[in-house]
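Remarks on the structure that follows.
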Amino acid sequence: MRLLKDGLFIILIIGTIQIASADSAEAQRYGYWQQEVEYTMEVDFDVDSHRFEGDQLLEYTNHSPDTLDRVFYHLYFNAFQPGSMMDVRSRTIEDPDQRVRDRIYHLDEDEIGYQKVHSLTQNGESVTWKIRDTVMEVELAEPILPGETVHFEMEFEAQVPVQIRRTGRHNAEGVEYSMAQWYPKMAEYDFMGWHAHPYIGREFHGVFGTFDVTIHIDRDYVVAATGYLQNPEEVGYGYETEEMTVQRPEGDKLTWHFRTDLQHDFMWAADPDYTHVTAQVPDGPKLRFFYQTDPVAENAPDESQEELLENWERLPEYTIAAFEYMNEHFGEYPYDEYVVIQGGDGGMEYIMGTLITGNRTLRSLVGVTVHELVHAWYQGVLAFNESYYHWMDEGFTSYASARIMNQLFEGGEGDPFSGSYNNYFQIVAMGIEEPMVQHADHFERNIAYSVASYVKGMIFLNQLGYITGRDALDRGLKRFYYEWKFKHPTGADFIRTMERESGMQLYWYYEYWVKTTRTINYGIDRVDARENNTDVKIARHGQIPMPIDLVVELDDGSLHHFYIPLLIMFGEKEHENPEIPRTKLEPWPWVNPDYTLTLPWGIESIRRIEIDPSMRMADIDRSHNVWINEEY
Ligand SMILES: [Zn+2]
C-alpha cells in the first residue's frame, strides 16, 4: 500500500514537471501553462459607410495538455443589435447602465454594429462555424494537439456601431472612431476550460501574444493605438509633432502600421481633429496624448473651453508622476509607450493605453487617467480573468489609484480609503450585497457588482495590510507582479504569494471576505479592575474572525499596542509602528466568541482603549470599539 502510494506520487510529479518545463518555468503555480496568439491583421476602412473589410491571420499555439477539437471567437460588435443578449440584459436589469438603457433596442440598420465572417481556414483547410450572438463556435478541420501551432486565416467585414458602450463611432464629445473589441478575437482557454462568454457589456479576457495591425483609412484622420507605429515618416503630420513637415504620400488613404507584443488586446481610435502631445517618464515609457482642441463642455459645464484645454495641457505632468509612483511601489511598467486617447464613454483600459472622455475638471481628468493607467498593471500585465476576478482587476486598481491620487492632490495626508469603507457599510446596511466570487455578468444588480469589484476589492487589499502589516503587503504586491507578469494569476495565486511574503497562513481570509457576504464586528465588552491590573474582554459579534490590534492610552499620554494574532494564521505581522511598544499575546482560536487579556496597569491609570485605530479592519459597527475611562 505504502509502496503503491509513493509510486503514484512519483509519477504525478514527473508528469507535472514535463508540462511546466514545456512553457512557463518561472510562474509560481506548478505546471502553469497558457495559450499563445500571433495576430496579423489588415483593415481597409471606409469612413463614409463606417464599415471595414479585414484580413486576419492568426497563429494559435496550444500550450495546454488538452487536444482541442473546436475553438471560439468573440464577435463583440454583434452585441450592438436589437434583441442581443446585451440589449435584453440592459432592458431587464433593475439598475441599467445609463449609457446603455434601451439604446441598443432603438438602433437602425445603419447604426448597429456587426462582425461578419466571410471565410475561415485552418492550415488552408475550410472549417465550419456557427455564430450565436457575440460568440462564434468553430468546428476544426483537424484537432489541435498539445504543443501544436495552427494558422487560421479569416476574411471578415464589420460595421462600427453608434457609440453606446466602450466602442463605436461619434461619441458624445465628437470623436469619430473609438475602436475597441473591433476584430474577431480568439477566446481564452485555460485550466478552467473555454471562456467564451457572450458579451453583455462587461468584462474581457484575452490570450497573450503579438499584434501586427495595418489600417488603411482616409488621409484626413489621425490614428492613435495601443501599439508602436512602424511608419511614422509615412503618415507625417499629427503623429510626431517634430515631424510635421514630412510630406505625406498622395492618394485618398493613408496606411498606418502598428506592432506590439506581450499584449492580449489591441485598441485604436481615429479622428481628424486629434492633436498629439508626447511626454517622457524618467526611466519609463514615452507617453502620448491624443485629444481634440475644440472641446464640448458637456460633462464639465462649469469649465470654459480654455479651462478644458488647459486641463489636457496639465495632464502629462500628473501622468508622469503617476507612472513614477507605480514603478516605485508596484513594479516597473514593461512597455516603451503608453497612450491616453480622448474617446469612448468614460474610461476604459487597454494595457498600453486608455480611451477616456476628456471634457472634465482637472481632478476628474487626472483621476480617470490614473485609474486606467494603473490597470496596465492590474488587468494588463497581470491579466486576471476579469469575469471571475473583477474584484482584483478593479479592486487592486482602485487601491493603487487611491494612493496615487492622495499623493498627487493631498500630499499623502489623510485616509484615501475611508470613503470606500463607508460605501461598503452602506450596502451591508441595505442588505443587497452579493459575494465577490461571482462571475461579473451574473450579479443581480449593477450596484452590487460595483461594490463587490471596486469597493470590496480595494478593502480586500487595505484590510490584508492590517492582517500582514503594511510593509509585507507592499512587498507582496511587488513580488506578485514580478512572479506573474504576462500571465493570468487567480485570487488563490495572489494569496499564495502573500503567504510566502508574510510567513502567515491567509486562505481563511480569502474564503470569508471573497466567497461570502459575512461581516466583521468586534467590540470591547467589559473593562474590569483586578488589583493592580485591568482585565479587558473583547467579543466577536460578527462571523469573520480577525486578528486584533488593541491600543491602550495611559494617563501619561503614552500608547501601548497589544496584538492578538489569530491561531489559524500560524504567524504574526511585523511590528508596524516602532514608536509604540507592542506586546504580542496568545493567539485567539477563531471558535472562541471572546478573549480576555490582562493589562499590567490599574484601571485608574488607563485613559482610553481602542480596537484598530488604523480603521483598516472593516468593522461594520465601531460604536463599541472604543472604551473611555469615565473618571477622566
Ligand atoms: Zn477600472
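Please read all numbers here as calculations on a predicted model, not as lab measurements. Quick note: residue numbers are just sequence positions, from 1. In listed order, ligands and their atoms are each counted from 1.
A side-chain N or O of E303 and one of N311 form a donor-acceptor pair less than 3.5 Å apart.
Taking backbone and side chain together, E394 holds an N, O or S atom under 2.8 Å from the Zn ion (ligand 1).
The NZ atom of K485 sits 12.5 Å away from the CD atom of E483 when rounded to the nearest 0.5 Å.
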Sequence neighbours excluded and cut-off under 3.5 Å, please list the side-chain donor-acceptor pairs for residues 85-93, or say none.
unit_1	atom_1	unit_2	atom_2	d
D87	OD1	R91	NE	2.9
D87	OD1	Y105	N	3.4
D87	OD2	G83	N	2.7
D87	OD2	R91	NE	3.3
D87	OD2	R91	NH2	2.9
R89	NH2	D441	O	3.1
R89	NH2	F443	O	2.7
S90	OG	R101	N	3.3
S90	OG	R101	O	2.6
T92	OG1	V88	O	2.7
T92	OG1	R89	O	3.3

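Taking the Zn ion (ligand 1) as reference, H371 places its N/O/S atom NE2 nearest. Note on H375: its N/O/S atom closest to the Zn ion (ligand 1) is NE2.
For E324, the side-chain contact (heavy atoms from CB on, under 4.5 Å) partners two or more places apart in sequence, or in a different chain, are V281, P282, I320.
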